[in-house]
Amino acid sequence: KKALGIVLETEGKSPLGLRLTGIGLSASGDNSYFVPEKALRENSGLKSAVFALLTDRETEKIVHDGKHARIALAREGIDFVCDFDTMLAAYLLDPSKARYDLESLIFENLGAELRGSEDAGRRASFLLPLKEVLGEKLKNQEMERLFKDVEMPLSTVLADMEMAGIRVDPDKLQKLSAEFGEKLERLTGEIYELAGMEFNINSPKQLGEVLFEKLSLPVVKKKKSGYSTDAEVLEKLKGAHPIVEKILEYRFLMKMKSTYADGLLSLVDRDTLKVYSNFNQTITATGRISSTEPNLQNIPVKTDIGKKIRGVFVAEKPDHVLLSGDYSQIELRVLAHLSGDEKLIEAFVKGEDIHARTASEVFGIPQEKVTSQLRDRAKAVNFGIIYGISDYGLAQNLGITTGEAREYIESYLNRYPKVRDYIRETINRAKLNGYVTTIFNRRRYIPDINSRNYNLRSFAERVAMNTPIQGSAADIIKVAMVKIYNHFKEMGLKAKMLIQVHDELIFDVPQDELEVVKSIVKSDMETAVPLKVPLVVDFKVGKSWEEIS
DNA sequence: GCATGATGC
DNA sequence: AGCATCATGC
């Protein structure tokens with residue numbers, strides 16, 4: 001198979017404004033070429049020859065950032081799928097790097113320094129040797145399957161999600177913005193009145209001076225640069241002065257208005273009435289996907305007012321609906337699988353309420369006698385285990401002493417002994433190898449794991465515990481996404497994957513496809529990766545994201 | 001550019 | 001307490 005390095009020159013914003021301005025090409029044992037967009041436009045023979053090459057199945061296409069290339073070429077009517085993405089390869093080899101630009105990879109792996117002025121043809125000429133180096137490393141580190149079967153095909157899925165976009169109702173957003181604005185104006189006046197002065201409520205510095213100097217409220221927590229005024233502090237001060245509740249409400253509404261109502265409005269495309277998020281595949285150290293402009297992975301859900309924001313995200317057409325499928329307790333199930341703990345596995349096999357079961361174990365009472373307060377505490381312990389438990393963190397979270405927290409943790413680890421073994425082995429492996437791995441052999445280096453600095457080392461140990469769990473959950477949903485995408489394509493369905501929120505997938509589905517789509521999504525998500533416990537997926541259907549939350 | 005504080009899983 | 005992004009102030 002003949003290999004071809006491809007570097008696209010583009011301008012504009014992805015995906016709607018993205019425009020191809022030129023193509024750099026380089027084949028093995030051949031010169032490299034740069035084809036300006038003008039030449040493609042004016043020479044139809046050249047254009048069809050180049051475009052034929054880009055879709056030739058007998059050519060191994062090597063690209064840096066294939067998702068971007070797929071989006072840029074989609075505008076030209078080309079269904080572009082590359083065979084080797086050097087950006088994704090570099091990410092798997094070290095997911096903690098800040099950047100994965102081609103120039104740095106060429107310098108680090110080939111020792112060549114590119115000048116800024118060099119054209120796309122010259123850059124393309126480095127892709128083949130770079131692919132050889134990165135491909136060899138992936139093979140040596142047993143990440144070939146993760147690369148070829150998961151990350152490479154996933155970039156195509158993410159490209160299509162980005163191009164699909166999500167329909168929003170701008171009028172509804174505008175009304176929410178106005179509603180939040182009016183409430184904020186009212187609150188601002190009330191806060192000035194209660195403070196006895198006007199100040200910038202958005203400035204933590206000025207707010208700290210008002211609360212802790214002018215009003216003499218007790219200082220609960222300090223920051224490097226002064227008083228802390230975060231929600232945790234304000235919650236504790238609630239009874240001390242009526243201004244505190246007003247400030248909490250102000251902060252909440254300000255967040256809703258600036259980030260969600262106004263922030264989202266500024267990103268709505270006026271022609272399509274959609275937002276086009278960027279789903280980034282090379283940002284997180286654990287293997288999760290991230291989302292920006294807008295971030296669709298932190299849209300509010302906990303409060304009623306927050307949920308109204310979700311109400312502006314709607315199905316694309318009148319005869320379409322939104323479908324969500326979310327994994328139930330995926331991270332705890334991954335922990336059950338990785339640790340092999342019989343009691344944890346049994347709880348999931350029997351379909352028990354996992355937090356109630358944990359409460360029953362940790363506090364030594366029958367499950368029927370678990371109060372909601374004890375269940376909440378057990379839930380915090382479960383989260384703590386996933387985050388890499390520390391007595392300090394659990395104590396902080398539950399408002400108990402570190403001694404009590406230590407007792408909870410000990411009790412948990414005594415009841416789930418293989419979890420204790422698993423944690424110990426994982427940290428030991430990290431100390432020995434310098435990295436930890438996921439179910440699919442995704443790797444994360446943990447340089448501080450042998451540090452003599454207690455804080456650095458402890459943090460590294462928590463990272464070592466959390467990464468295999470969070471990262472394996474990321475592996476699983478990524479596999480499911482690729483499977484679902486392929487099944488939709490094979491069956492010629494119009495349904496489209498729109499959003500991924502770590503343990504949840506959201507689809508736009510024509511009404512008449514709903515049942516078949518639901519059954520595909522269910523089986524692909526639940527059987528994505530066989531674990532020692534069942535994977536359970538819950539579904540919701542509605543006209544807006546609010547209705548399926 | 002960094003710190004703070006909000007949101008999500 | 002693990003992983004993120006965004007708005008704001010300074």
Side-chain angles (χ1 to χ4, degrees), chain A residues 95-96 199-208 221-235 247-264 266-267 277-280 282-303 305-307 309-310 326-332 334-335 380-398 402 405 409 436 444 446 455 458-474 477 499-505 545 549:
Chain A
S96 300
F199 64 103
N200 188 344
I201 308 166
N202 293 325
S203 164
K205 185 167 173 284
Q206 292 183 39
L207 178 60
K221 191 166 66 170
K222 285 194 147 194
K223 295 252 111 184
K224 291 168 205 161
S225 53
Y227 313 107
S228 170
T229 67
D230 64 19
E232 190 194 324
V233 168
L234 296 182
E235 285 295 335
I247 288 164
L248 279 167
E249 194 184 352
Y250 176 93
R251 281 250 176 90
F252 171 72
L253 287 166
M254 193 65 182
K255 181 71 178 173
M256 292 300 120
K257 178 165 162 54
S258 61
T259 301
Y260 298 109
D262 298 345
L264 218 42
S266 74
L267 294 170
S277 181
N278 176 34
F279 291 101
N280 203 309
T282 58
I283 292 289
T284 72
T286 56
R288 277 188 175 178
I289 289 164
S290 80
S291 160
T292 59
E293 280 182 298
N295 180 356
L296 295 177
Q297 295 178 323
N298 74 342
I299 302 297
V301 69
K302 285 172 186 154
T303 64
I305 292 169
K307 278 186 192 137
I309 298 287
R310 293 197 167 209
D326 70 294
Y327 282 113
S328 163
Q329 305 291 352
I330 188 167
E331 290 187 334
L332 283 174
V334 165
L335 174 64
V381 172
N382 278 331
F383 271 107
I385 295 287
I386 287 168
Y387 291 162
I389 197 95
S390 74
D391 48 15
Y392 176 80
L394 182 62
Q396 186 93 2
N397 187 296
L398 287 177
T402 53
I409 295 167
V436 292
R444 178 183 183 179
I446 312 202
N455 284 332
S458 298
F459 180 63
E461 287 173 356
R462 292 195 293 276
V463 166
M465 292 183 244
N466 170 262
T467 297
I469 300 171
Q470 190 182 122
S472 296
I477 195 166
I499 307 173
Q500 189 250 44
V501 196
H502 310 307
D503 63 355
E504 173 186 20
L505 296 173
W545 197 357
S549 297

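Note that this is a predicted model, so its numbers are computed, not measured. Convention: sequence-line order gives letters A, B, ...; per-chain numbering from 1.
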Name the nucleic acid region contacted by A473(A), choosing base, sugar-phosphate or nothing; use a 4.0 angstrom heavy-atom cut-off, strictly under. nothing

Quick one: is S258(A) getting a side-chain N or O under 4.0 Å of the dC6(C) phosphate, OP1 or OP2? no

Any pair with a residue in residues 381-390 of chain A that passes salt bridge (charged side-chain N to carboxylate O under 4.0 Å, His left out), sequence neighbours left out, goes on the list, sorted by first then second residue, please. none

What's the closest nucleotide to the side chain of H502(A) if the choices are dT5(C), dA1(C), dG8(B)? dG8(B)

Is the distance from OP1 or OP2 of dA7(C) to the nearest side-chain N or O of R251(A) less than 4.0 Å? no

In whole angstroms, how far is the P atom of dG5(B) from the OH atom of Y260(A)? 17 Å

Send over the distance from Q396(A) CD to dG2(C) P, rounded to a whole Å. 12 Å

What residues 282-291 of chain A contributes to the DNA chain C interface at heavy-atom separation below 4.0 Å is I283(A), T284(A), A285(A), T286(A), R288(A), S290(A), S291(A)

Under 4.0 angstrom, heavy atoms only, what part of the nucleic acid is E331(A) near: base, sugar-phosphate, or nothing? nothing

Within residues 294-302 of chain A, the residues having a heavy atom closer than 4.0 Å to DNA chain B are Q297(A), N298(A), I299(A), P300(A), V301(A), K302(A)

Which nucleotide, dA1(C), dC10(C), dC6(C), lies nearest any side-chain atom of K205(A)? dC10(C)

Look at all strands and tell whether T229(A) reaches a base, only sugar-phosphate, or nothing, counting heavy atoms closer than 4.0 Å. sugar-phosphate

Would you please test N278(A) and E293(A) for side chain to side chain contact (heavy atoms under 4.5 Å, CB included) and show each step? CA-CA 6 Å; N278(A) 176 34; E293(A) 280 182 298; 5.6 Å; no

Can T284(A) and S290(A) be counted as having a side-chain donor-acceptor contact under 3.5 angstrom? no

So what does E504(A) hit on the nucleic acid, given a heavy-atom distance under 4.0 Å: a base, only sugar-phosphate, or nothing? nothing

Of all the nucleotides listed (dG9(C), dG8(B), dC6(C)), which has the minimum atom distance to the side chain of S203(A)? dG9(C)

Looking across every strand, which nucleic acid part, if any, lies under 4.0 Å from G388(A) by heavy atom: base, sugar-phosphate, or nothing? nothing

If you check the N200(A) side chain, which of dG9(C), dG8(B), dA1(C) turns out closest? dG9(C)

Tell me what N202(A) touches on the nucleic acid: a base, only sugar-phosphate, or nothing, going by heavy atoms under 4.0 Å. sugar-phosphate

